[in-house]
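Written below as structure tokens is the structure these notes are about.
Throughout, protein chains are lettered first and strands after them, A, B, ... in sequence-line order, and every chain is numbered starting at 1.
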2 protein chains.
Amino acid sequence: MNVQRSLQEPERRLVTLSDVAREAGVGESTVSRVLRNQGSFSKATQDRVAEAVARLGYVPNRLAGMLAGSGSTAGAKLVGIVIPSLTNIVFPDLLRGATAVLDRGGFQSVIGVSDYDPEREEALIGALLSWRPAGLIVTGLEHTPGALARLRASGIRIVEMIDTDGAGLDIVVGFSNRAVGCDSARHLLERGYRRIGYVGHDITQDLRAAKRLAGFCETLQEAGCPLAEREIASGPSSAAAGREALARLVARRPDLDAVYFSNDDMALGGYFHCLTDGIAVPGRLALFGFNALDIAAALPQPLTTIRTPRLEIGAAAAERLAADGPAETVDLGYELIAGATA
Amino acid sequence: MNVQRSLQEPERRLVTLSDVAREAGVGESTVSRVLRNQGSFSKATQDRVAEAVARLGYVPNRLAGMLAGSGSTAGAKLVGIVIPSLTNIVFPDLLRGATAVLDRGGFQSVIGVSDYDPEREEALIGALLSWRPAGLIVTGLEHTPGALARLRASGIRIVEMIDTDGAGLDIVVGFSNRAVGCDSARHLLERGYRRIGYVGHDITQDLRAAKRLAGFCETLQEAGCPLAEREIASGPSSAAAGREALARLVARRPDLDAVYFSNDDMALGGYFHCLTDGIAVPGRLALFGFNALDIAAALPQPLTTIRTPRLEIGAAAAERLAADGPAETVDLGYELIAGATA
DNA sequence: ACAGATGTTGGCAGCGCTGCCAATCTGATT
DNA sequence: AATCAGATTGGCAGCGCTGCCAACATCTGT
């Protein structure tokens, strides 16, 4: 009850496990066992420890615990997660899916955001590795040589999320962006659209979008109906960028009858442009997005788009990380949402 | 160059600092100094250490470093951040602002997401405290008694973000949600709207929205023009929820001339309902949001809303955490964006 | 009554690193 | 040549906890 001392002492020493042991009149290892609910101890001991903990306001020191426990079976219950951005809802969703599973398994997760910068990703991987995590979840298959080397050398479980178009290091969970592009093209072709354009954002930043576009173009090509025109907005994807880019595109090519967007953010902006300029959708111009944002379904005309299993990917990544199965690629697929815009 | 051993040994031991010391032919402390670029050492030594590190593929163990360094000046360069959600863009923005500053200061951040659950927040605070962080950034001023007790007992710097309407523990950075509500009401009143309704989401989850509404209602009341009607959607805010809720509201009260939304997500849904049903905005019905989402500015009619300095709040929170100034409340204000919908 | 299970407990050596201090070396100063 | 400040270095004791092992205590069945 007396916390006065904190006012006097220059550096109040924090309560440690051995303080608790002394207070409870038991050994340190006993306290440790009780706190981790591991091994055996009597009910009486448990109560005395619990009391002592409460009385002293003891907070275990995870740093020490993980250090001491490292190298053994229990090991560090910790995983690192690297994502490129937090502003695109895709990544928070992946995070939610992963942390839900991880939390349940008693894992702590440490997150790094690379801002789509490969160099920064490499640095983050180094930083996260220095936490000695049980595993690492990263985004995409493309990494700097340095990052790849570190990941390989780490000897821990690595999960690469989202993209299955290419070779992974260990475990890969996602879907084929390339196939998404193909299916999107097929959908437009089936509906009779022939003068098809593309509106995207800076593709050097977003390799997955590039893969979708590649699949899209290829399918159009095979159908003898190549992509008519493309308009790339500089900078990251956003509704504003999509709106402006579509405006430029239709100004240049008024004959287009359908536009494929790099994602729903861009497509929403495109849709708003059509509303503003009185371009009939899909009569005059069809719009096709990617990601199935919640908001895209609430538009006056629900957007035609692709739903990706983001939470499921995050969850599957986390599950694979905890289990120790073989290296494998898990394709969770996607779903074409036939809205009212294409 | 030979990594064969990993194939033989059951548990390959990780390279440690003393391995590096041996390889470089120097003492452990020397390696430590070089790696942290602290204290003095010759260029020659530095090079030899760097080589040894590269040759061995050494990755420092942060866990050990922080444990050993704890209690001293350098201490743990670590902060914990607790936010209620990742799906509402507000929080990723706060995070971005904070981590940008924190990274620059050499801090690592560990993030916890409470899902708007106070109990879960308390648990997260406990978990983060066990990392022995230099400080903690939490969201809002309302916490469970248990959480408050832990925060107080921790003895570390605490920053509460976003909300300045109430008493904080230590440092508070944000703006007055109440004032936002008042200003929003004033704007509508000035423009001549008199039959004003409210569309919100589950307010028990979002205390800040409740404060805005309180300020809003009070100002209307003072103007002798009380809130005419309100419609609350269950669950979290979303465009779909806003759309449906507004539909219900106008069905019940077709006489309303303006609607205040709990935030832009909801307002966007409301706007879409108006487009769908041919309700003229703002002629027949004015719409007012909150948060100034990017997408709200790209609508055919830019949404009238409130821009909040999210990045700045995160950054200011991080700065205050690192510095050790006095406890204070920092009001970063907000900006009314007069769009075309109200 | 006694060996052998089973349950409970404490001691102590690390985990890998940093802080502190003493040792050594360098060059400049007297 | 002696002295000294400053630069450079290594040794070692922890940081707070967990894993391992030995020491008991208690309970079986014969």
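Each of C/dT18, D/dT8, C/dG7 was ranked by its minimum atom distance to the side chain of B/Ser40; first place goes to D/dT8. Nearest to the side-chain atoms of B/Gln38 among the listed nucleotides D/dC17, D/dG14, C/dG19 stands C/dG19. Distances from the side chain of A/Ala64 to the nucleotides C/dT9, D/dG19, D/dC17 place D/dC17 closest.
A straight line from CG of B/Leu17 to C1' of D/dG14 spans 16 Å, rounded to a whole angstrom. For the pair A/Leu63 CG and C/dT18 P, the computed distance is 12 Å after rounding to whole Å. Protein atom CG of B/Asn37 is 12 Å distant from nucleotide atom P of D/dT8, rounded to whole Å. Here C/dG7 presents its P atom at 18 Å from NZ of A/Lys43, a figure rounded to the nearest Å. Regarding A/Arg132, its CZ atom lies at a distance of 8 Å from the C1' atom of C/dG16, rounded to whole Å. To the nearest angstrom, C1' of C/dC17 lies 12 Å from CE of B/Met66. Rounded to a whole Å, the CG atom of A/Leu67 is 4 Å from the C1' atom of C/dC15. Between B/Phe41 atom CZ and C/dT26 atom P the separation is 19 Å, expressed in whole Å.
No donor-acceptor contact under 3.5 angstrom links the side chains of B/Arg150 and B/Ser154, judged on distance only. Side-chain atoms of A/Glu121 and A/His143 form a donor-acceptor pair, as typed in the model, at a separation below 3.5 Å. A donor atom on one side chain and an acceptor atom on the other are found under 3.5 Å apart for A/Ser42 and A/Thr45. For B/Arg36 and B/Ser32, the side-chain atoms include at least one donor-acceptor pair closer than 3.5 Å.
Residue A/Arg36 places at least one side-chain N or O under 4.0 Å from the OP1 or OP2 atom of D/dG19. Between A/Arg62 and D/dC17 there is no side-chain N or O to OP1 or OP2 distance below 4.0 Å. Here B/Thr16 does not reach the OP1 or OP2 of C/dC15: none of its side-chain N or O atoms lies under 4.0 Å away. Between A/Gln46 and C/dT8, a side-chain N or O to OP1/OP2 separation shorter than 4.0 Å is absent.
Terminal axes of the helix from C/dA1-D/dT30 to C/dT30-D/dA1 (five pairs each, C1' rotation axis) are separated by 40°, to the nearest 10°.
Residue contacts for A/Ser42: at a heavy-atom cut-off of 4.0 Å it reaches the sugar-phosphate backbone alone, with no base atom in range.
A salt bridge between A/Glu328 and A/Arg320 is present, with a side-chain N of the basic residue lying under 4.0 Å from a carboxylate O of the acidic one. Note on B/Asp170 versus B/Arg157: salt bridge recorded, some NZ/NE/NH1/NH2 to OD/OE distance being below 4.0 Å. Between B/Asp19 and B/Arg55 there is no salt bridge, since no side-chain nitrogen of the basic residue lies less than 4.0 Å from a carboxylate oxygen of the acidic one.
Judged purely by atom type and a 3.5 angstrom limit, A/Thr139 uses its side chain to pair as donor or acceptor with the backbone of A/Val82. Looking only at distances, a side-chain donor or acceptor of B/Arg48 sits under 3.5 Å from a matching main-chain atom of B/Ala24. With hydrogens and angles disregarded, a donor-acceptor distance shorter than 3.5 Å links the side chain of B/Asp117 to the backbone of B/Glu119. One N or O on the side chain of A/Thr99 and one on the backbone of A/Leu95 form a donor-acceptor pair closer than 3.5 Å.
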For the pair B/Arg96 and A/Thr87, evaluate side-chain contact (heavy atoms from CB on, under 4.5 Å) and give the outcome as yes or no after the intermediate values.
CA-CA 9 Å; B/Arg96 276 202 299 151; A/Thr87 39; 3.5 Å; yes
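Less than 4.0 Å separates DNA chain C from at least one heavy atom of each of the following residues of residues 21-33 of chain A: A/Gly25, A/Val26, A/Gly27, A/Ser29, A/Thr30, A/Arg33.
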Every protein N/O lying under 3.5 Å from an N/O of nucleotides 22-26 of chain D:
none

